[in-house]
Amino acid sequence: MGVIRERQIRAILYCLDNCNIIAHTPRSALTDRFTSHSLWIGSWVVSSFAANDLCEVTDEQSLSRSTESRFTAFITTLISTLKICSKTKDLQGGRKVHEYILKNGLLVPCLDALVILYVKCGALATARDLLCVHKSKSVSCWTALITGYTQHGHGREALYSFELMQHEGVSPDSLTFTSILKACGTVKAEVKGKQIHDKIVQQGLLDGDVKIGTAIVDMYAKCGNLIKAQHVLEELPSRNIVTWSALIAGYAEQGQGEKALSCFEMMKHEGIVPNAVTFVSALKACGSINAAEKGKQIHDEITRQGLLRNNHVLATALIDMYAKCGALKRAKRVLDELPSRNVINWSALIAAYAQQGQDEQALSSFERLQDEGLSPTSVTFASTLKSCGSLKAAEKGEKIHYEIERRGLLHNDHILGTAVIDMYAKCGVLSKAWTVLEELPYQCVSMWAALIGGFVQHDKGEQALHCFKLMQQKGISPNVATFSCILNACSHLGLVEDCFRHYSSMRCKHGIDPDFEHTTCMVDLFGRAGHIDRAVKLTMEMSFSDYPILWYALMSACHKWSNMNIGRWAFRHSVQLDAQDAGVCNLMANMYKANGVESYVDIDSCTDQ
DNA sequence: GTAGGGTTAG
């Protein structure tokens, strides 16, 4: 600690007695009077010393034994002050204490507490600079930094800090590994995760540490490698409900509902009783595979355990499960019966109404949540706008748009921006849709897709094509959705060659494989234009032969152009897919009739040919 | 300083 001036020591001791009173008072007693008590302590310490620095100090003395021990106690108090600042996320107060620490050369003993303070307050760059400049060897501080980066959604920074830490000669321990695995999961860095997994195994850290094993399972699950995740889980020396939940959540997230539910059963078979977290993932699995009955069973289990009383996450998962299974009345009932509702519960229901075309219900729910004193979020707005678009309720949509603007929500939210543009576009207020797009500080391909789609929907194909050009001039590459719109636009305008040019450019220029919808659009246009041979060629090339609509498009063309041979051929393919399809049979019958063919070939004889 | 969970646009 070195030699400290006696006057300063005396001041420190004076502070110490006072600070201790505050620092050791139970938090509950502090909250009312000192909402910002850490700041108060910080500024008090600083001002006391500022006053003291004005005093002229003439003599310097070595510290006596008792003074030294009291000094140590003071450092402890400073650290306590920093801890209070950390807990209350009082960055301003913490900075003042930091200033004081620097001014008095007390950094070394306080370094760890300072780093933690900056991590907790989200000032991660400052924390990292402190660690680097002072070449900290504290593995716990480095781990705290890595955790901080991960929690704030900066997985890459977490990985970088992990490298920096090792560069400083600090070896990671179990806690660091657990933390960095989480970072790998968030950025899907499976290769890095695998390296860490190997190191953990080499160091024998898996034995007796369920948390680190769970973190490995979760890492693979979040990276989408469920086979590996399940394999690791099966080989772990010990596992618990959290390990299983990580795996089930992974399967549910990937839309592998069956697998998720079979793991859910395997877990129960091991004698582990599911908890709220497991139920959330199991419900998500049910929603993804339309398993309403299984979902209902889980719902009953949840009710038996009384878990819905105080768990909004679980309630949302339940509402969403019923919604995804199309059981909107049940979803609504779950929401209505909750002891308390939050905005996410409501948003899940509104999203379901909007997606399933129950737009009036979506709008009335939007009103109801506000009547309950809740405030819509970007997610709520996005779904509500979708319903406004479907109802062509431009006035209502505009009101919501203004509210979004008022709250400044459009600046960094692509999804919400797209929803606003799409609402105006669907309502036919295309100039407004375009203005919104132009005024946004960033533009993305889905916003353009919404605008272009609007032009197509309102029979303004020329303008759609113009937008398509403009978008690419701005350096934005079209995607699958954009091409659907553009091909449709060309189709409506009867621009056969343009349409085929765009269709061909998908693969060769943009690396996008045309899907069945694009191909159907092209086949339909070729067919209507009388290019039956090109339509057939495309149908054969694209191996979409199991899509009835494609054959229907081809048959319609044959009907129009009285091409009985190809028509019969298409009909055979079509009935092989669905022998009961009345539309196809009628079309074929009409074709025969129109061409004066007396003997209508029935389905059975067709399939036999 | 350490492990698992919710709603959105095109």
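Quick note: numbers below take in every heavy atom, side chains included, and nothing from hydrogens, waters or symmetry partners. Numbers restart at 1 for each chain; the letters A, B, ... are given by sequence-line order, proteins then strands.
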Whole-Å gap separating C1' (B:dA3) and CG (A:Leu236): 11 Å

Any side-chain donor-acceptor pair under 3.5 Å between A:Glu234 and A:Gln230? yes

For a quick check under 3.5 Å, do A:Thr377 and A:Thr380 share a side-chain donor-acceptor pair by atom type? yes

B:dT2 C1' sits how many Å from A:Gln151 CD, rounded? 10 Å

Going by the salt bridge (Lys or Arg N to Asp or Glu O under 4.0 Å) test, which pairs reach into residues 401-421 of chain A, not counting sequence neighbours? A:Glu403-A:Arg406, A:Glu403-A:Arg407

For A:Ile146 and B:dA3, give me the distance from atom CD1 to atom P, rounded to whole Å. 13 Å

Centre-to-centre under 6.0 Å for A:Tyr220 and A:His231, is that the case here? no

Salt bridge (Lys or Arg N to Asp or Glu O under 4.0 Å): pairs with one or both residues in residues 435-457 of chain A, sequence neighbours excluded: none

Whole angstrom value for the distance that separates P of B:dG4 from CG of A:Leu226: 16 Å

Pairing donors with acceptors under 3.5 angstrom, does anything connect the side chains of A:Trp244 and A:Glu270? yes

At a heavy-atom distance below 4.0 Å, what parts of residues 171-181 of chain A sit against DNA chain B? A:Asp173, A:Leu175, A:Thr176, A:Thr178

Considering just the side-chain nitrogens and oxygens of A:Lys211, establish if one lies under 4.0 Å of OP1 or OP2 belonging to B:dG4. no

How does protein contact run along nucleotides 5-10 of chain B, one letter per nucleotide 5' to 3', with B for base contact, S for sugar-phosphate only, - for none, heavy atoms under 4.0 Å? BBBBBB

Taking only residues two or more places apart in sequence, or in another chain, which ones meet A:Phe468 in a ring-ring contact (aromatic ring centres under 6.0 Å, His included)? A:Phe483, A:His502

Sugar-phosphate only, base, or nothing, as touched by A:Ile241 at under 4.0 Å among non-hydrogen atoms: base

Quick one: does A:Asp209 reach the base of B:dA3 with a side-chain donor-acceptor pair under 3.5 Å? no

Under 4.0 Å, heavy atoms only, any strand: does A:Thr243 hit a base, just the sugar-phosphate, or nothing? nothing

Go through the side-chain N and O atoms of A:Asn479 and A:Thr482 and say whether any donor and acceptor fall under 3.5 Å apart. yes

For residues 202-218 of chain A, pull every pair meeting side-chain hydrogen bond (donor to acceptor under 3.5 Å, both in side chains), keeping only residues two or more places apart or in separate chains. A:Thr214-A:Thr243, A:Asp218-A:Lys222

Quick one: A:Gln254 CD to B:dG4 C1', roughly how many Å, whole number? 16 Å

